[in-house]
Amino acid sequence: NGQPVPDKNGDFSVVSGDECWEQDLRLEAATEEGELFYEDEDGDESYGFGMLDFIHAENDEFTSTEIRQRVRGKLAKRTYLDLAKTTQEITFRDGVFYNNVSVSKNDASDEYNLELSTKEVEVESE
C-alpha cells in the first residue's frame, strides 16, 4: 500500500490494494534491466523487462522463446499472480516485436493486460 501514481491534475496520488501491484507491474514493464541505480534482492539488473534488448533481434522461434521466458520469469516473482492463467502472444510486425501479455491474480477472474514491444510499452487494466 502507498504506491505513488500520477493523477489527472499533474500531481500524484497514493494507491492501495490491487492498484499497487498493477503500478509495480506497469513500472517494471517500462523499465530496462540495469536502468535503475540500485540492486534489488535478486541481484543486479534483475528489475525491468528489458524489451529493448530485442530491438535488433532476428524474427525467429529462438527470439520469441527468449522473450516469452524473460517475461514469464519477471512475472513468476510475483507470488500473487496465477501463472497458469498467464498468456503471451508474440508477433513481429514492421521490424517490431510485440508481446501481448494477460495476467490474473490467484483466485480472481479479472485480467490485467500489457502490450510490450521493442518500440514502446503500453499497459491497460481491464
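With T118 contributing its side chain and F97 its backbone, the two residues share a donor-acceptor pair below 3.5 Å. At least one donor-acceptor pair under 3.5 Å links the side chain of K85 to the backbone N or O of A108. E28 contributes no side-chain N or O that, together with a main-chain N or O of Y47, makes up a donor-acceptor pair within less than 3.5 Å.
With hydrogens and angles left out, the side-chain atoms of S102 and N113 include a donor and acceptor closer than 3.5 Å. For the 3.5 Å distance criterion, the side chains of Q23 and R26 qualify, holding a donor opposite an acceptor. No hydrogens or angles considered: a donor-acceptor pair under 3.5 Å links the side chains of Q88 and N99.
Here the shortest heavy-atom pairing between T86 and V101 reads CG2-CG1, 4.4 Å. Of all the heavy atoms in A30 and E35, the pair that sits closest is O-OE1, 4.3 Å.
Linking Ile, Leu, Val, Met, Phe, Trp and Tyr residues whenever their side-chain heavy atoms come within less than 4.5 Å places F92 and L116 in a single cluster.
Going from atom CG of N100 over to atom CG of L114 covers 9.5 Å, rounded to the nearest 0.5 Å. Rounded to the nearest 0.5 Å, atoms CG (D94) and NZ (K119) are 8.0 Å apart. In this structure, CG in D53 is found 8.5 Å from CD in E66, a value given to the nearest 0.5 Å. Taking CD from E61 and CD1 from I90, the interatomic distance works out to 8.5 Å, rounded to the nearest 0.5 Å. Once rounded to the nearest 0.5 Å, the distance linking CZ of R70 with CG of L75 reads 12.5 Å.
With contacts defined as side-chain heavy-atom distances shorter than 4.5 Å, the pair K105/D82 does not qualify. Side-chain contact check for D24 versus R78: some heavy-atom pair is nearer than 4.5 Å.
Heavy-atom contacts from other residues, nucleotides or ligands closer than 6.0 Å to CG of D107 number 12 or fewer.
Pairs passing the ring-ring contact (aromatic ring centres under 6.0 Å, His included) check and including a residue from residues 9-28, sequence neighbours excluded, read W21-Y80, W21-Y112.
Looking at residues two or more places apart in sequence or on another chain, you find no ring pair (Phe, Tyr, Trp, His ring centres under 6.0 Å) involving F54.
In summary, E89 and R68 do not engage in a salt bridge, as defined by a charged side-chain N under 4.0 Å from a carboxylate O.
Because its NZ or CZ atom is both nearer than 6.0 Å to the ring centre of Y98 and within 45° of the ring axis, R93 counts as a cation-pi partner of that residue.
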